[in-house]
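Below is one structure, written out as structure tokens, with a few remarks after it.
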Amino acid sequence: MERSVNFKEILAEKTAETEKILQKYLPREEGLTAELSAAINYSMRAPGKRLRPLMLLESYRMFGGQEQVAEPFAAALEMIHTHSLIHDDLPALDNDDYRRGKKATWAVYGEAMGVLSGDTLLNYAYEVALSAFDCKKNSQEVILALQLLACKTGIFGMLGGQSVDVAMEGRLMDEETLYFIYKKKTSALLEAALMLGPVLAGASSQKVRLMEQVGSYVGLAFQIRDDILDVTGTAKSIGKPVHSDEKNQKTTYVSLKGLPGAEREAARLSAEAYRLFDSLEEKNPFLGQLLMQLAERQK
Ligand code: GRG
């Protein structure tokens, strides 16, 4: 696929618009819970790529959505993702002290506040998502979107995958088990990002399922790239410590198949995702380019 020359500029513009939406939903730092809100806002304001909310807003537009109802869901999804990063860095998990190019939340606010701010952000995400009913009262689409968000986050989604990841630490894994983990811990939220748009825009369940499959491939490619960057990147370029997987004795796609094998698989999955995405009659060339680019990202 030909890449438009100004893709980077459009991406920067759309990321800035997404950023503005996220800021609107952050909790105020006031009263006795000011420090809790400050810890949440510290991690939310750190410079993440904002891929999930951006993908959600773009998939909503792609299916003809024009209302503000997608915004609380975009903010909620980034909050759930940020919660996972806060907790992932804790001493009990990866014990990493840098994230998004800054000190990890627990390293600034202490471990107890790291646990609490992650929990609170996860709950706050649903408080924000529920505010979608203020835009569309009694909406069946909003109800479906809430069910989807909860399902992709919980035991059958990101958190379930992460629990298997932790349980398998230090043990050898085959490709099937590794893919089970990746599909849950990483793909689930990317699937949600691509499904919530069509769900909120009232698209058919068949199209929502196709977007789920696109998200699943994109998520696997994204996680394999993460594995590659953990070996080939620098802490400065990726904004978090490198060689974290080796430190935590984790099987990764790179440790199973080597760097060239991982590169080939990321490219294969990404091409498969694009082929499916392009088969839809609804079009969004920018989103298509973004999805392709995720497998090649350098941070
Ligand atoms: C509840 C104790 C407890 C822990 C939960 C769920 C969880 C910990 C961790 C989720 C697993 C995780 C961090 C998966 C990795 C997915 C991934 C590659 C994240 C990085 O996403 P980017 O690159 O990050 O989009 P930015 O910073 O750009 O938003």
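As the structure lists them, so they are numbered: ligands from 1, and atoms in each ligand from 1.
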Do D96 and S244 get their side chains close enough for a donor-acceptor pair, meaning under 3.5 Å?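 S244 and D96 do have a side-chain donor-acceptor pair below 3.5 Å.
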Which bit of [X] gets closer than 4.0 Å to ligand 1, counting heavy atoms only: side chain, backbone, both or neither?
X	answer
Q162	side chain
R50	neither
K240	neither

For [X], I'd like to know if atom [atom1] has over 12 heavy atoms of other residues, nucleotides or ligands within 6.0 Å.
X	atom1	value
K247	NZ	yes
I155	CD1	no
N138	CG	no

To the nearest 0.5 Å, tell me how far M44 CE sits from E78 CD.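 Here the interatomic distance stands at 5.5 Å.
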To the nearest 0.5 Å, tell me how far L54 CG sits from E19 CD. 11.0 Å
State the atoms of ligand 1, each with its element, that fall below the 4.0 Å cut-off from a heavy-atom position in [X].
X	answer
D226	18 (C)
Q223	15 (C), 16 (C), 18 (C)
R297	23 (O)
R100	26 (P), 27 (O), 29 (O)
L93	2 (C), 4 (C)

Best match, [options]: closest heavy atom to [atom]:
atom	options	value
atom 24 (O) of ligand 1	H81, H83, K184	H81
atom 16 (C) of ligand 1	D165, T186, L122	T186
atom 13 (C) of ligand 1	D88, L51, T82, D89	D88

Students should be able to answer this: which protein heavy-atom is nearest to atom 22 (P) of ligand 1, and at what distance?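 Of the protein heavy atoms, K49 NZ, 3.5 Å lies nearest.
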Among protein heavy atoms, which lies nearest atom 1 (C) of ligand 1, and at what distance?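 The answer is H87 ND1, 3.2 Å.
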Is it true that R52 lies under 4.0 Å from ligand 1, counting heavy atoms only? yes
Does R99 have a heavy atom less than 4.0 Å from any atom of ligand 1? no
Can you check side-chain hydrogen bond (donor to acceptor under 3.5 Å, both in side chains) on T120 and N123, steps first, answer last? CA-CA 5 Å; T120 309; N123 196 76; over 6 Å; no
Over-ring placement of K14 relative to F286, 6.0 Å and 45° cut-offs: yes
Parallel, tilted or perpendicular, as decided by the 30° and 60° cut-offs, for the rings of Y179 and Y253: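 Ring orientation, 0 to 90° scale: parallel.
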Any salt bridge between R61 and E58, counting N to O under 4.0 Å? yes
